[in-house]
Amino acid sequence: MYRIGELAKRFDIKADTLRFYEKHGLLAPSMRTDSGYRVYSDRDAERLKFILRAKAVGFTLGEIAELLSIELDKSNRACSDVKGMVDDKLDKVQQKIAELNQFRQSLQLLSDTCCGGPESAEHCSILEALESCDDELSPRVETGKGHKHSHANSRVSRGAKSC
């Protein structure tokens, strides 16, 4: 049996995390002492380990609750139920990676169009690109005053200015 602080220490988390999981119905102490202290069993520790592993691979609290409900009723649930959840999560992760790659590419284009020099930001290619109404970044290069300065003619499609 573990008190809340002991269980938290065993898994290198804070006691508040255990209280949070309890509040959201993922974990409940097996019992409370007469003085009201939470007491957790080895079974509770195993459940916590399950929760932490599921969280570590990206499941939300709601998804973890669903996984726990399947875990508690394994004999009446199919492996395909769990696989379906994992595959759905994998699809979401792949979509997020694609979105992040687009962000990276757009930011790289913005960075590549700017000379980053000490000149005034009045003609900053990054600011011009973000202010522009074009959907793609297309830099234009200007020369003048003894330096080469790259400008973008457009903005990232997610820009704030409406055109």
Side-chain angles (χ1 to χ4, degrees), residues 1-114 116 125-127 129-139 152 154-163:
M1 299 300 270
Y2 307 93
R3 283 190 171 184
I4 192 168
E6 295 167 335
L7 186 61
K9 185 176 180 179
R10 177 175 173 194
F11 288 95
D12 197 28
I13 59 174
K14 296 181 187 227
D16 283 345
T17 302
L18 292 172
R19 290 184 195 96
F20 179 81
Y21 291 154
E22 182 179 348
K23 178 182 173 185
H24 290 279
L26 297 177
L27 183 69
S30 293
M31 58 182 266
R32 287 191 181 253
T33 64
D34 291 339
S35 54
Y37 288 106
R38 293 168 175 87
V39 180
Y40 297 91
S41 67
D42 287 333
R43 186 173 177 179
D44 298 327
E46 288 300 313
R47 185 176 176 104
L48 177 59
K49 182 168 43 171
F50 182 98
I51 292 166
L52 294 173
R53 284 183 175 172
K55 186 176 176 293
V57 297
F59 285 106
T60 66
L61 293 182
E63 292 164 339
I64 293 170
E66 178 66 20
L67 287 168
L68 285 168
S69 73
I70 294 171
E71 170 69 19
L72 292 175
D73 193 26
K74 289 185 220 182
S75 62
N76 295 315
R77 300 297 293 265
C79 189
S80 61
D81 296 335
V82 181
K83 182 168 176 25
M85 287 185 68
V86 169
D87 289 345
D88 287 346
K89 191 64 172 182
L90 183 58
D91 287 343
K92 288 177 186 173
V93 167
Q94 289 170 336
Q95 290 170 11
K96 187 65 173 178
I97 289 170
E99 181 182 29
L100 291 171
N101 279 328
Q102 182 60 48
F103 290 159
R104 182 187 50 77
Q105 290 170 353
S106 296
L107 290 169
Q108 188 65 58
L109 283 171
L110 285 171
S111 178
D112 290 347
T113 63
C114 183
S125 59
I126 294 172
L127 296 176
L130 294 173
E131 291 171 350
S132 173
C133 295
D134 295 334
D135 287 336
E136 299 291 328
L137 288 175
S138 55
S154 58
R155 71 170 172 96
V156 177
S157 60
R158 297 189 198 281
K161 185 176 180 182
S162 73
C163 298

(request) With sequence neighbours excluded, tell me which residues meet side-chain hydrogen bond (donor to acceptor under 3.5 Å, both in side chains) with N76. (result)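 Residues passing side-chain hydrogen bond (donor to acceptor under 3.5 Å, both in side chains) with N76: D73.
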
(request) Just jot down the side-chain hydrogen bond (donor to acceptor under 3.5 Å, both in side chains) partners of K96, sequence neighbours excluded, or say none. (result)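 For K96 the side-chain hydrogen bond (donor to acceptor under 3.5 Å, both in side chains) partners, ignoring immediate neighbours, are E99.
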
Would you tabulate the side-chain donor-acceptor contacts of residues 22-33 under 3.5 Å, counting partners in other chains and residues two or more places apart, or write 'none'?
| from | atom 1 | to | atom 2 | distance (Å) |
| --- | --- | --- | --- | --- |
| E22 | OE1 | R38 | NE | 2.5 |
| E22 | OE2 | R32 | NH2 | 3.4 |
| S30 | OG | S41 | OG | 3.1 |
| S30 | OG | D44 | OD1 | 3.4 |
| S30 | OG | D44 | OD2 | 2.4 |
| R32 | NH1 | G36 | O | 2.9 |
| T33 | OG1 | S35 | N | 3.4 |
| T33 | OG1 | S35 | OG | 3.1 |
| T33 | OG1 | G36 | N | 3.4 |
| T33 | OG1 | Y37 | N | 3.0 |

(request) May I ask you to decide if Q102's main-chain N or O and S106's side chain share a donor-acceptor pair within less than 3.5 Å? (result)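 Confirmed, S106 side chain pairs with Q102 backbone.
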
(message) Using a 3.5 Å distance criterion without hydrogens, assess whether the side chain of K89 forms a donor-acceptor pair with backbone atoms of G58.
(response)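 A pair under 3.5 Å: yes.
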
(request) Looking only at non-hydrogen atoms, find the nearest pair between L67 and A54 and report the distance. (result)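 Smallest heavy-atom distance, with atoms named: CD1-CB, 4.4 Å.
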
(request) Keeping to residues at least two apart or across chains, list the salt bridge (Lys or Arg N to Asp or Glu O under 4.0 Å) pairs with something in residues 74-83. (result)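 Passing the test, one end in residues 74-83: E66-R77, E71-K74, R77-D81, K83-D87.
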
(message) Checking Y21 against I64 for the side chain to side chain contact (heavy atoms under 4.5 Å, CB included) test, could you report, in this order, the C-alpha distance in whole Å, the side-chain angles of both residues, the deciding distance, and whether it holds?
(response) CA-CA 11 Å; Y21 291 154; I64 293 170; over 6 Å; no

Nearest 0.5 Å please: distance from the [atom1] atom of [X] over to the [atom2] atom of [Y].
X    : Y    : atom1 : atom2 : answer
Q108 : T113 : CD    : OG1   : 10.0 Å
L127 : S132 : CG    : OG    : 12.5 Å
D112 : I126 : CG    : CD1   : 9.5 Å

Throw together a table of side-chain donor-acceptor distances under 3.5 angstrom for residues 5-14, partners on residues two or more places apart or in other chains.
| from | atom 1 | to | atom 2 | distance (Å) |
| --- | --- | --- | --- | --- |
| E6 | OE1 | R3 | N | 2.7 |
| R10 | NH1 | Y2 | OH | 2.4 |

(message) So, using salt bridge (charged side-chain N to carboxylate O under 4.0 Å, His left out) as the criterion, who are the partners of D88 when residues are at least two apart?
(response)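 D88 satisfies salt bridge (charged side-chain N to carboxylate O under 4.0 Å, His left out) with no residue once adjacent residues are dropped.
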
(message) Which residues pass the salt bridge (charged side-chain N to carboxylate O under 4.0 Å, His left out) test with D16, not counting sequence neighbours?
(response)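 Applying salt bridge (charged side-chain N to carboxylate O under 4.0 Å, His left out) to D16 gives R19.
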
(request) Go through the structure and list residues passing side chain to side chain contact (heavy atoms under 4.5 Å, CB included) with Q95, not counting sequence neighbours. (result)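 Counting only residues at least two positions away or on another chain, Q95 forms no side chain to side chain contact (heavy atoms under 4.5 Å, CB included).
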
(request) Go through the structure and list residues passing side chain to side chain contact (heavy atoms under 4.5 Å, CB included) with D91, not counting sequence neighbours. (result)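 D91 satisfies side chain to side chain contact (heavy atoms under 4.5 Å, CB included) with Q94 once adjacent residues are dropped.
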
(request) Sequence neighbours left out, what pairs pass side-chain hydrogen bond (donor to acceptor under 3.5 Å, both in side chains) with at least one residue falling in residues 50-61? (result)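 Of all non-adjacent pairs touching residues 50-61, those that pass side-chain hydrogen bond (donor to acceptor under 3.5 Å, both in side chains) are T60-E63.
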
(request) Would you indicate whether the side-chain heavy atoms of L18 and Y40 approach each other to under 4.5 Å? (result)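 Sidechains of L18 and Y40: in contact.
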
(request) Would you mind reporting whether E46 and R43 have side-chain heavy atoms less than 4.5 Å apart? (result)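 Result no, sub-4.5 Å side-chain heavy-atom pair not found.
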
